[in-house]
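Here the structure comes first, spelled out in structure tokens, and everything after it is commentary.
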Amino acid sequence: MDGILLIDKPVGLTSHDVVDYIRKRYMLKKVGHGGTLDPLASGLLIIMLNRATKLSQKIIALDKEYIAEMTLGFSTTTGDLGGQVVEKAKDDGYLKLAKYQIEQVFQKFVGEIEQIPPMYSAVKYKGVRLYKLARKGIEVPRDPRRVKVYNLVIEDIDLPRVKFKIRCSRGLYIRQLCIDIGRELGYPAHLSQMVRTTIGKFSLDSAHKLDKILNEPDSEKYIIPLDIARKLI
């Protein structure tokens, strides 16, 4: 049983939760995922089975596309709705921003940009994951990373919310992008919703609901064989 599964991860589960469910469903020891999705995010998650776990680094390196929503007015410890509020806007000017002002700022984040990883991330500092330090209330200096934003399009503005689609390189944090865009606009912001729609050539349209994988007796049919998966990466 070597291959990959395309899962439509629901909100509320970690990527590791999904790995555990799949491991138990197929009674396998070697199961991994190709790129973390936060519990509050949903969408495409690639699960690798047995020998397909060797494809992990190649899958993680693929470009990704998201549909996300930024909300202005306050920021949180985690950069999304799962954290505690740390800063609130001093006035309601963010509700009066013009469309052209928002579009101009968004365009500043297209191309190769530098981004400081958020504390709530899996990046390591002296061998320790940042999120483990963040949970203890510890903040450490982080070096900026160069990442690429290939496409960044605003889909809808209904202040304080701005919905957008982004295609980017590995290593870019959408939570941090929302914080940085808000800061450029002059107001605290956070990520309020996110769906991952593509990873490389793999699309959410081809993914299967986790319940279907876990409950259908013949769900092995949804596994993409290893030789085919290699050709798609």
Side-chain angles (χ1 to χ4, degrees), residues 4-25 31-49 53 56 59-60 62 64-87 115-125 128-139 142 147 160-166 168 170-182 188-199 202-204 207-215:
I4 64 173
L5 280 166
L6 305 183
I7 303 290
D8 182 357
K9 188 193 86 68
V11 171
L13 295 180
T14 68
S15 300
H16 290 295
D17 288 337
V18 177
V19 168
D20 288 340
Y21 279 124
I22 297 300
R23 183 182 288 117
K24 292 175 184 177
R25 167 65 182 85
V31 179
H33 66 79
T36 301
L37 271 182
D38 293 335
L40 292 179
S42 63
L44 182 59
L45 182 66
I46 298 179
I47 299 295
M48 301 162 292
L49 311 176
T53 54
S56 175
I59 292 175
I60 290 173
L62 295 172
K64 299 168 182 68
E65 186 175 85
Y66 303 87
I67 294 175
E69 180 186 81
M70 174 187 74
T71 297
L72 295 159
F74 66 91
S75 60
T76 70
T77 51
T78 58
D80 60 21
L81 283 175
Q84 297 178 336
V85 176
V86 291
E87 183 184 2
Q115 186 184 72
I116 297 176
M119 279 301 301
Y120 278 88
S121 67
V123 175
K124 289 185 177 181
Y125 175 80
V128 181
R129 302 286 185 186
L130 288 179
Y131 67 82
K132 291 184 178 180
L133 296 174
R135 288 172 181 168
K136 296 178 181 179
I138 300 172
E139 183 166 354
R142 288 96 68 202
V147 291
R161 298 176 178 83
V162 180
K163 184 179 179 182
F164 60 93
K165 179 184 286 188
I166 179 172
C168 58
R170 67 170 296 182
L172 186 142
Y173 289 89
I174 308 298
R175 287 178 287 126
Q176 189 62 44
L177 180 69
C178 290
I179 293 170
D180 293 340
I181 289 175
H190 63 277
L191 174 68
S192 47
Q193 191 174 2
M194 187 178 82
V195 180
R196 185 157 63 195
T197 53
T198 67
I199 300 174
F202 302 102
S203 170
L204 180 59
H208 307 284
K209 297 291 186 182
L210 182 60
D211 286 347
K212 178 184 287 188
I213 299 294
L214 298 179
N215 297 319

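Start at 1 with the first residue, then count along the sequence.
Taking CZ from Phe164 and CE from Met194, the interatomic distance works out to 9.0 Å, rounded to the nearest 0.5 Å. In this structure, Ile213 CD1 and Ile7 CD1 are separated by 4.5 Å, a value rounded to the nearest 0.5 Å. In this structure, CG on Asp8 lies 4.5 Å from CG on Leu204, to the nearest 0.5 angstrom. Residue Tyr66 holds its OH atom at 9.5 Å from CG of Leu44, rounded to the nearest 0.5 Å. Rounded to the nearest 0.5 angstrom, Met48 CE and Ile60 CD1 are separated by 6.5 Å. Here the straight-line distance linking atom CZ of Arg196 with atom CD1 of Ile174 works out to 10.0 Å at 0.5 Å rounding.
The heavy-atom pair separating Val147 from Gln115 by the smallest distance is CG2-CB, 4.2 Å. Of all the heavy atoms in Leu37 and Lys9, the pair that sits closest is CB-CE, 3.6 Å. When all heavy atoms of Thr71 and Arg161 are compared, the closest pair comes out as OG1-CG, 3.5 Å. In this structure, Ala189 and Leu72 approach most closely via the heavy-atom pair CB-CD2, 3.8 Å. The nearest pair of heavy atoms linking Ser56 to His33 is OG-O, 4.4 Å. For Ser42 against Pro10, the heavy-atom pair with the smallest separation is CB-C, 4.3 Å.
For Ser75 (side chain) and Val86 (main-chain N/O), no donor-acceptor pair under 3.5 Å exists by modelled atom type. Listed for the Arg142 side chain is a donor-acceptor partner under 3.5 Å among the backbone atoms of Pro117. Checked by atom type and distance alone, the side chain of Asp180 never pairs as donor or acceptor with a backbone atom of Leu177 at under 3.5 Å.
Side chains of Leu172 and Ile166 form a contact here, defined as non-hydrogen atoms less than 4.5 Å apart.
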For Leu210 and Leu13, what are the C-alpha separation, side-chain angles and deciding distance, and is it a side-chain contact (heavy atoms from CB on, under 4.5 Å)? CA-CA 11 Å; Leu210 182 60; Leu13 295 180; 3.6 Å; yes
Could you give me the CA-CA distance, side-chain angles and deciding distance for Asp80 and Tyr120, then say whether side-chain contact (heavy atoms from CB on, under 4.5 Å) is met? CA-CA 10 Å; Asp80 60 21; Tyr120 278 88; over 6 Å; no
side-chain contact (heavy atoms from CB on, under 4.5 Å) for Asp38 and Leu191? Distances and angles first, verdict last. CA-CA 11 Å; Asp38 293 335; Leu191 174 68; 5.7 Å; no
After noting the C-alpha distance and the side-chain angles of Ile46 and Leu6, does the key distance pass the side-chain contact (heavy atoms from CB on, under 4.5 Å) rule? CA-CA 5 Å; Ile46 298 179; Leu6 305 183; 3.8 Å; yes
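Within 6.0 Å of the NE2 atom in His16, the count of heavy atoms belonging to other residues, nucleotides or ligands does not exceed 12.
Remark: Phe74 engages His190 in a ring-ring contact (aromatic ring centres under 6.0 Å, His included) (not counting sequence neighbours).
Checked by atom type, the side-chain pair Gln84/Thr77 shows no donor-acceptor distance below 3.5 Å.
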